[in-house]
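In what follows, a structure is listed as structure tokens, so that the remarks can point back to it.
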Amino acid sequence: MPLTLHDTLSRTARAITPLDGKTLRFYCCGPTVYGPAHIGNFRTFVAQDVFRRVIEQGGLATLHVRNLTDVDDKTIRDSQKAGQSLTDFTRHWTEKFHTDCAALNLLTPHVEPSAVAHIPHQIRMIETLIERGHAYATPDGSVYFKVASFADYGRLSHLEDRELKLGASSAASATDSDEYTKDSLADFALWKGKKAEDGPNHWSSPWGEGRPGWHLECSAMSLEYLGEDFDVHGGGVDLIFPHHENEIAQSCCATHGKFARHWFHVTHLMVDGGKMAKTLGNFYTLENLASRGYSPAEVRYVLISGHYRTPLNFTLHSLDAARQALQKMAKFDKALREVSGLTGDVTSDEPGPFAAAWETLNDDLNVPGALGDIFGTINKTKAASLSKDEATAVLKGFHFLLRALGLKLPVLVDEAATEVPADIAELAEKRWEAKQSKDWAAADVLRKELDAAGWIIKDSKDGYQVLRK
RNA sequence: GGCGAGGUAGCAAAGUGGUAAUGCACUGGUCUGCAAAACCGGUAUGCGCGGGUUCAAUUCCCGCCCUCGCCUCCA
């Protein structure tokens with residue numbers, strides 16, 4: 001059952017098959033490492049992670065490349081503001097990014113190339129583009145891509161009918177001195193000549209000291225690690241134009257290949273029904289959600305709970321719902337383990353009773369639909385009435401899906417080690433004694449006291465548990 | 001203005017030419033001294049609004065309203 005995925009370029013769902021028949025090669029635009037990534041950034045990376053997991057669970061190998069943008073306007077500006085070298089500054093934020101990725105259970109890309117470490121590759125590509133008449137140098141030491149030289153420009157973003165050079169933003173930036181040197185306002189920078197505000201961040205090139213333009217790094221590094229033609233290229237929807245449009249132009253003009261065969265774009269996350277912004281106080285990172293008591297696993301669940309091409313409205317309440325949903329899964333897992341006797345990691349090559357969910361997942365990565373199917377199967381499965389073999393089969397299928405979604409089950413609330421303060425423990429013990437002597441009135445008073453203090457009592461046949469409310 | 005995505009129960013979110021998955025929340029019951037947990041149920045005659053096509057539309061077509069994104073360096 002091959003995965004079908006919507007392709008931005010053709011605007012159709014197409015089966016994902018590897019060009020070489022065995023390894024699916026894909027490139028994802030990674031983060032600009034100049035600050036903490038927010039949950040909106042992670043929606044894209046998590047969606048790409050599910051994509052990779054579904055491909056791998058389906059039996060194919062993958063070659064996943066995701067770059068680090070560690071030389072651009074923002075990294076240069078903010079490193080200087082922080083009084084740090086570009087290297088030290090971006091290393092810090094790269095490490096933070098990796099920590100967050102691990103917390104979200106994201107598989108590590110096979111290659112994670114750094115832009116600043118591939119400047120020679122970028123220079124070589126610029127030389128080729130100039131040789132072929134697709135780029136030109138200007139007196140200030142910059143090099144621009146000549147958009148008019150590439151007939152297909154605008155195909156991905158479907159802006160071919162638009163007068164690109166009349167864009168509002170470029171009109172506003174026309175006062176920028178180096179904009180004057182371009183032949184056309186639509187042309188974009190491949191190499192930026194050295195400027196005073198860049199400080200020590202400049203490199204030698206045939207056109208003098210300077211630094212690479214942003215779009216170029218992805219073309220140069222995908223060529224280096226994936227070749228002229230590869231299977232899938234992904235990123236957030238905001239990258240369709242101009243970033244991916246420019247990548248296509250650079251790569252197709254610098255090589256004889258067709259570049260990416262399939263474009264995979266993830267729609268933006270919304271927060272509380274609108275845009276996430278620091279001024280609105282809804283700018284969330286894993287760190288500040290953790291300080292509110294939410295785990296990365298809960299964040300991941302919320303991020304995958306909407307289809308990747310539909311705007312997802314993130315709220316704190318949705319994190320509460322995710323927590324309960326994960327608890328429900330963990331209880332199901334526990335019940336099956338008790339019957340099957342299985343412990344530790346459970347692996348499987350097939351979805352078993354969860355075939356419907358697996359099929360849904362392979363239909364354009366319909367994660368919310370698959371979650372619905374999973375709960376449907378959970379709800380109709382009576383673990384206690386299954387034989388050991390049956391329970392084993394269900395558990396294996398369940399974990400096949402969990403692995404495809406990258407979900408790790410939480411420790412059940414009942415089983416989490418909870419420190420009970422001495423005074424609470426004392427009240428609970430008194431209540432138990434009252435209950436044993438069938439003094440229901442006294443027992444209820446004590447239960448209410450505990451409840452007011454934020455604790456609940458859970459009785460069983462021969463004892464009780466004190467749990468946080 | 002152009003291009004794109006979306007408007008489904010209190011919240012979140014799938015889906016379909018034949019009358020609406022799922023999670024949370026709420027709620028009835030079984031169980032329990034009472035609870036909790038668990039289990040069995042209930043909760044949109046309705047899918048932005050108005051037309052049209054059809055035996056039948058939430059699902060197709062047309063128009064409108066609203067939200068969000070992009071329109072040169074934002075995942």
Side-chain angles (χ1 to χ4, degrees), chain A residues 8 11 28-32 37-48 69 72-74 147 154 157-173 179 182 185-189 192 213-215 234-243 245-246 265-270 273-275 301-302 305-307 309-315 317-326 328-329 331 335 356-357 360 366-379 382 384 413-414 435 438-441 443-444 447-448 451 456-460 464-465 467 469:
Chain A
T8 310
R11 292 179 177 174
C28 299
C29 290
T32 300
H38 59 250
I39 55 172
N41 297 312
F42 281 119
R43 180 186 194 189
T44 298
F45 300 133
V46 167
Q48 291 163 346
T69 296
D72 80 319
D73 293 347
K74 294 188 292 275
V147 167
S157 53
H158 302 93
L159 290 176
E160 63 269 37
D161 296 324
R162 182 175 160 273
E163 293 199 19
L164 291 158
K165 60 186 173 184
L166 292 182
S169 302
S170 46
S173 61
E179 298 286 343
K182 295 198 284 185
L185 281 172
D187 293 350
F188 57 90
K192 295 182 165 190
W214 172 47
H215 310 297
V237 283
D238 54 303
L239 297 182
I240 295 173
F241 187 88
H243 186 57
E245 200 70 75
N246 292 352
H265 288 107
V266 181
T267 297
H268 279 310
L269 182 75
M270 321 236 316
K275 196 170 181 172
Y301 188 96
V302 173
S305 70
H307 186 89
R309 287 197 288 123
T310 302
L312 172 66
N313 190 22
F314 183 94
T315 62
H317 178 260
S318 64
L319 283 168
D320 293 328
R323 172 169 301 172
Q324 293 309 121
L326 287 166
K328 182 167 177 167
M329 286 181 168
K331 286 171 187 168
T360 301
N366 186 350
V367 177
L371 286 171
D373 292 337
I374 288 171
F375 281 108
T377 302
I378 287 176
N379 289 337
K382 310 296 169 217
V413 170
D414 287 11
K435 181 181 169 172
K438 297 197 189 297
D439 182 354
W440 309 130
D444 286 349
R447 181 196 284 283
K448 275 181 190 160
D451 183 79
I456 55 173
I457 300 291
K458 190 175 157 186
D459 288 338
S460 57
Y464 63 92
Q465 263 187 297
L467 300 168
K469 196 154 56 167

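Below, chains carry the letters A, B, ... as their sequence lines are ordered, and counting in each starts from 1.
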Handout entry: Contact letters for nucleotides 31-40 of chain B, in which S counts primed atoms plus P, OP1 and OP2 and B counts the base, heavy atoms under 4.0 Å
Key = --BBBBSSSS
Fill in the blank from the handout: In 5'-to-3' order, the base (B), backbone-only (S) or no-contact (-) status of each nucleotide in nucleotides 65-70 of chain B, using a 4.0 angstrom heavy-atom cut-off, is ---SSS
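Put simply, the side chain of I378(A) does not reach to within 4.5 Å of the side chain of K331(A), judged on heavy atoms. With a 4.5 Å cut-off on side-chain heavy atoms, F314(A) and L319(A) count as touching.
Residue G372(A) is in base contact, counting any heavy-atom pair closer than 4.0 Å across all strands shown. Nucleic acid contact for D72(A): none, since no nucleic acid atom lies under 4.0 Å from a heavy atom of the residue. If you check every strand for non-hydrogen atoms under 4.0 Å, L239(A) touches sugar and phosphate atoms only. Among the protein residues, H38(A) comes within range of the nucleic acid bases, having at least one heavy atom under 4.0 Å from a base atom. Within 4.0 Å (heavy atoms only), T310(A) reaches sugar-phosphate atoms of the nucleic acid but no base atom. Nucleic acid contact for G40(A): base, since at least one base atom lies under 4.0 Å from a heavy atom of the residue.
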Fill in the blank from the handout: Output field dot_bracket for RNA chain B (Watson-Crick or G-U, both distances under 3.5 Å, | for other-strand pairs) contains (((((((..(((.........))).(((((.......))))).....(((((.......))))))))))))....
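Ring geometry for H215(A) against F188(A) counts as perpendicular: the plane angle is over 60°, on a 0 to 90° scale with 30° as the lower cut.
For the residue pair H317(A) and D320(A), no side-chain donor N or O sits within less than 3.5 Å of a side-chain acceptor on the partner.
With P as the reference atom, U45(B) and G6(B) are 25 Å apart, rounded to whole Å. The same atom, P, is picked in U54(B) and in C40(B); the two are 46 Å apart, to the nearest Å.
Side chain of D451(A) to main chain of R447(A): no donor-acceptor pair is present (N/O by atom type, distance under 3.5 Å, no hydrogens or angles). For the pair E245(A) (side chain) and S157(A) (backbone), a donor-acceptor distance under 3.5 Å is present.
With A75(B), C74(B), G4(B) as the choices, the nucleotide that has an atom nearest any side-chain atom of R11(A) turns out to be G4(B). Closest to the side chain of A321(A), from the set U22(B), C73(B), C24(B), is C24(B).
In this structure, L371(A) CG and Y301(A) OH are separated by 4.5 Å, a value rounded to the nearest 0.5 Å.
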